[in-house]
Amino acid sequence: MQGMAAYLQAMDWSDLPIFLAIARTGQLAKAAQSLQIDATTAGRRLRRLEQAIGERLFEQGADGQSLTPAGERLLTHARAMERAAAAIGERDPGGPVRGTVRASVSEGFGTWFVSRHLGTLAEAHPGLSVDLVASSGFLNPTRRETDVAVLLARPRRGPLLTRKLADYGLRLYAARSYLAMHAGLATPDQLRDHRLIGYVPDILYAPELRYLDEIPGAPSPQLRSSSINAQHRMAAEGAGIAVLPCFIGDADPDLVRVLPDIAIRRSFWLVTHEETRHFAPVAAFVDWLGELVARHRAELAG
């Protein structure tokens, strides 16, 4: 890698963010979009970088760009430079936290729990900006699409730091109006006589969302949505019976638990990239979320 060593000594630093963005997203177009430049410019600067080093950094495949051995070696150097640059903005001991942290969480947890308390973090750290990505699906910490992720399963690989954040409970809920019009729900086998609400089976973004498989006698849902918020809204309007996290169902006075002996348990896993876990904005968010969950464990457990 003599070419790379020479390039690192007289580097055009503006090319490295292009390289890192492509390495993380796996696609030239997505990398260009994340940097707010056009794909033609990104491609031209990638070629300039490869010419300076004298080796190809990516191979084009069916799913996008993948790193070559030369690209893997450059990635090690580029990440070290990125860490050094980020450390310049870290907090002095005892000083204020400044910067931006991006957190990717599930739609329900983000909407019904994290966002409800996020103002307390802003009050504690006025210089901290938070991007809360609460959606059906998760950004990837390994590719540095997010600084923090709260996942439904523990990742099996990657340069990540992972710990269990909390267990949480789910139960069956129905609106009072629905129960007033549909009698006879004392045993699980009677669910066959009721309209169930659930996820769209073939576009589940995590196998942990297959709740109804754990309820004996439960029929396939008649009303389905990829959104837990949409499922909640349907249940609250009396459309049927839904499995909801207790931190959602118990928070809505229009809903009541049905078949209380049925309880489902899942876990949230807190994941950060090992290279950024101790950056001040990331550490501030992780510490805040851990303390918040510890105070509300009973609410989450249901």
Roughly how far apart are [X] [atom1] and [Y] [atom2], rounded to 0.5 Å?
X	Y	atom1	atom2	answer
Leu212	Leu196	CG	CG	5.5 Å
Leu179	His182	CG	NE2	9.5 Å
His117	Leu292	NE2	CG	5.0 Å
Leu57	Glu72	CG	CD	10.5 Å
Arg171	Asp261	CZ	CG	8.5 Å

Between Gln60 and Gln65, is any side-chain donor less than 3.5 angstrom from a side-chain acceptor?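 Gln65 and Gln60 do have a side-chain donor-acceptor pair below 3.5 Å.
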Between the side chains of Ser227 and Asn229, is a donor N or O closer than 3.5 angstrom to an acceptor N or O?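 Side-chain D/A pair, Ser227 to Asn229: absent.
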Can you name the nearest heavy-atom pair linking Gly110 to Ala134, along with the distance?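 So the two residues come closest at CA-CB, 3.9 Å.
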Other residues, nucleotides, ligands: >12 heavy atoms within 6.0 Å of Glu123 CD: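 Count not over threshold, so no.
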Just wondering, do [Y] and [X] contact through their side chains at under 4.5 Å, heavy atoms?
X	Y	answer
Asp131	Val101	no
Val105	Val148	no
Ser267	Leu152	no
Ile37	Ile18	yes
Thr272	Leu160	no
Asp202	Val200	yes

Check this for me, if you would: do [X] and [Y] make a salt bridge, where the nitrogen-to-carboxylate-oxygen distance has to be below 4.0 angstrom?
X	Y	value
Arg48	Asp15	yes
Arg257	Asp250	yes
Arg116	Glu299	yes
Arg73	Glu55	yes
Asp147	Arg102	no

Who pairs with [X] by side-chain contact (heavy atoms from CB on, under 4.5 Å), at least two apart in sequence or on another chain?
X	result
Asp193	none
Gln33	none
Glu214	Ile264, Arg266

Go through the structure and list residues passing side-chain hydrogen bond (donor to acceptor under 3.5 Å, both in side chains) with Thr120, not counting sequence neighbours.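 Expected list: Trp288.
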Pairs touching residues 222-239 that satisfy salt bridge (charged side-chain N to carboxylate O under 4.0 Å, His left out), sequence neighbours left out: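 Those involving residues 222-239 are Arg233-Glu237.
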Chi angles and distances behind the ring-ring contact (aromatic ring centres under 6.0 Å, His included) call for His296, Phe113: CA-CA 10 Å; His296 293 270; Phe113 186 78; 5.6 Å; yes
Aromatic ring pairing [X]/[Y], orientation class (parallel under 30°, perpendicular over 60°, tilted between):
X	Y	result
His194	Tyr178	tilted
Phe58	Phe19	tilted
Tyr168	Phe268	parallel
Phe109	Phe247	perpendicular

Apart from Leu223 itself, which Ile, Leu, Val, Met, Phe, Trp or Tyr residues share its cluster (side-chain heavy atoms under 4.5 Å, direct or through members)?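 Taking Ile, Leu, Val, Met, Phe, Trp and Tyr as members, Leu223 shares its hydrophobic cluster with Ile197, Met234.
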